[in-house]
Each structure stands twice: as C-alpha cells, then as structure tokens.
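These notes are about the structure you will find just below.
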Protein chains: 2
Amino acid sequence: MVWKTFGRENCSLEATASIIGDRQTLLVLRESFLRVRRFGEFQRNTGLARNILADRLQALVGNGILERREYQDRPQRFEYRLTQKGLDLYPILLGLMEWGAKYETGKEGTLVTLRHKACGAVGSPQLACPGCGEPVTASDMEALPGRGAVLKTA
Amino acid sequence: MVWKTFGRENCSLEATASIIGDRQTLLVLRESFLRVRRFGEFQRNTGLARNILADRLQALVGNGILERREYQDRPQRFEYRLTQKGLDLYPILLGLMEWGAKYETGKEGTLVTLRHKACGAVGSPQLACPGCGEPVTASDMEALPGRGAVLKTA
DNA sequence: AGAGTTGGTTTTGTTTTGCAACTCGTCTAT
DNA sequence: ATAGACGAGTTGCAAAACAAAACCAACTCT
C-alpha cells in the first residue's frame, strides 16, 4: 500500500477546469444563464468566432451541460439549453460575477441582480456552513485530506 | 438616453474570466489554496511548462491575487502567497471542486474535505439566501437587470 | 572543484484561436 | 421564378498561446 501526497491527476477541480475552464466556454455559459439559446444570439453576444463557438457548443453538449434540441423543422433549427448538470454550474458563475463586481468592474459590471423568489430578498447568495448555517469564508474552513489524496496500491 | 439590452462588454463575469478563466491559472490557484508557495513546487504539482508558469504567476501578482515576497536573501528567493483578493476566490474554486466531484470524478476526486473550524461540521458550504438563510439554487433566484444592463447616453 | 538546488529566461516547434470568406437549405418579397 | 436574406454552421490561413528543452545565475554541499 502506497500513499501518495496528493492525487492531483484525478482532481475534481482540474476535471472541471478542463471542461469549462476557458474564457470562451464561460462566455457561452453566461449567455445560457441569461436564457440565450440560439447560435446567432450566442455569436453576437459573446463576439466569439463562429467556428470557436460551434466547437464550444458541441463540447458542452458532449459533456452534457447543454442540450441541443430542434425547435422547428422546415428550416431545421436547433437551440441549446442548460441541462440540470449545466444548471448546477450556477454557483460557480455567480461566484465569478460576484468577485468581478467586487474587485474589477464595481457595481457597473453587474449585469443582473438576483432576488430570492421565496422570500423576496435582493442580493447575492452567500456560502454558509452546512452544519451551523453561519456564513463562511476560506479561512473559516480547515482542509483535511480527501479521498483523492489516497492512492490505491502501487 | 439609450437603453441597451445588455452591457456585456463591461460584464463582471467576463472580467473575472479573463483574469482567472484559463486552465493554467486555475491550476496555479488550486496549489495556492493548498498552501503551495514556491516556483518549483507549483511546477511539479501542476505540470505546467516553466515559462507558462512564470507568466501566470507574474500575471496573478500583477492582478493583486498573489503577492511575491522574498523569504530569504543570499540566494535571493521568493514565494507566492494569496492576498485577500486571492482568498476571496475561494467560493469559486470550491464551486469548481464540488461540481467536478458531483459529475466527473466522484468522491475519488476530492483532494480535500473541508471542516468548519467554528462548529466542526464536515462538508462543503452551500449557497444560502442572504435574507432568509435558506439554501438556494439557480432556479430559486430571479434575475433582474443590474446596473450594468443600462447604457449611458449614446 | 564539481554536482546539485532553486528560480527563472530563451529558443524552437506545435497547437489553439480568430478572422474572413464560403456553403447549404430554407424562407420572403417581387 | 428569381433574387436576396437568414440561420447555422464549415474551411483555410495568419496570429497568438502553449509546451519542451536548453540555458543561465546564484548560491550550497561534499
């Protein structure tokens, strides 16, 4: 039995980064969350080259983040919609937006403001401890080795 | 006075994406959060080419996310540490990790497990409504146009 | 004196992007 | 019926980003 200091090659962060960790893909996702669904609209709003956009959309579909569905035949047309897996990226996108608004663009950069449908409160969701519900930041949490930190037999 | 549907060119998400939204930078940040500080260690753990790593470290320092400080002279040596601005990226990195663990790598990919120092609860922080404290997801929130959605006079 | 460590920079290819032009099937106006 | 126009891409080429390896500098250790 061998213990490796860290199993970085199978890191979940790296896995995610290799799927959505490039500027172009993030722009596409931003549009998706803003309910954009059509190729042309994606292209106009992101300003990406059409081939790159086509490539990214296909990759996102391949990864199960977007779903390509026909919304009319006759002129056959498709739209791209977030799947549940895609919707689960929300906290990440939100985080990026928040951080950018805080440090880079200021309030002027907040494209959308969020309101909680249930209680009506306006503002961005915060990270909270799953146990006690208190708001937390990086320094409030302690990192323990996770399961990926242990290597199987050599 | 002209209203533009969306002021995407000054989007805070895009700003953030252009700073940390590439695979290499994310890998560097992962290491930073794992308390890695030296060039060589970054290089070994991320597997990045040395020139690229040097470039990214410089960029992160330039953006105020990392701080380059001398930790010894005689052989003059520097280390790279997260600033407060860098620490504030925590929710994003956490989000990436979570999502990857859920959809890509499974539990095997969780390099670290987190424990709340204050209450001892183990698990990942959740997004909660700033008003009522209830856990929220994308569909619980409603998007209203933010300040960036308004264009100045044409 | 020679080998090894740390922290880079330079050089040289390879891969990825971006841009523009082009295709293809269909619709629309004349 | 005929000439655009549109949506959704594909193709070809130049420019930029990336990776690999060599090189350099300042020390330390033996």
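Numbered from 1 within each chain, the chains take letters A, B, ... in sequence-line order.
- With A/R44 contributing its side chain and A/F42 its backbone, the two residues share no donor-acceptor pair below 3.5 Å.
- Under the ring pair (Phe, Tyr, Trp, His ring centres under 6.0 Å) criterion, B/Y103 pairs with B/W99, sequence neighbours left out.
- One interatomic measurement links the two molecules: CD1 of A/I52 to P of D/dA16, which rounds to 15 Å at whole-angstrom precision.
- When DNA chain C is scanned 5' to 3' for any atom under 4.0 Å from a heavy atom of chain B, the first and last hits are C/dT6 to C/dT11.
- One N or O on the side chain of A/N63 and one on the backbone of A/A59 form a donor-acceptor pair closer than 3.5 Å.
- Classification of A/R35 and A/E41 as a salt-bridged pair fails, no side-chain N sitting under 4.0 Å from a carboxylate O.
- Salt-bridge annotation for B/E104 and A/K85: present, with a side-chain N of the basic residue lying under 4.0 Å from a carboxylate O of the acidic one.
- Looking at heavy-atom distances under 4.0 Å, B/Q24 makes contact with sugar-phosphate atoms alone, never a base.
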Summary of protein contacts for nucleotides 5-12 of chain D, nucleotide by nucleotide, where a base hit scores B, a sugar-phosphate-only hit scores S (4.0 Å, heavy atoms) | --SBBBBB
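- As rounded to whole Å, 17 Å separates atom P of D/dA17 from atom CZ of B/R23.
- With hydrogens and angles left out, the side-chain atoms of B/R56 and B/T25 include a donor and acceptor closer than 3.5 Å.
- Checked by atom type and distance alone, the side chain of A/T83 pairs as donor or acceptor with a backbone atom of A/G64 at under 3.5 Å.
- With no hydrogens or angles considered, a side-chain donor-acceptor pair links A/Y80 and A/R68 at under 3.5 Å.
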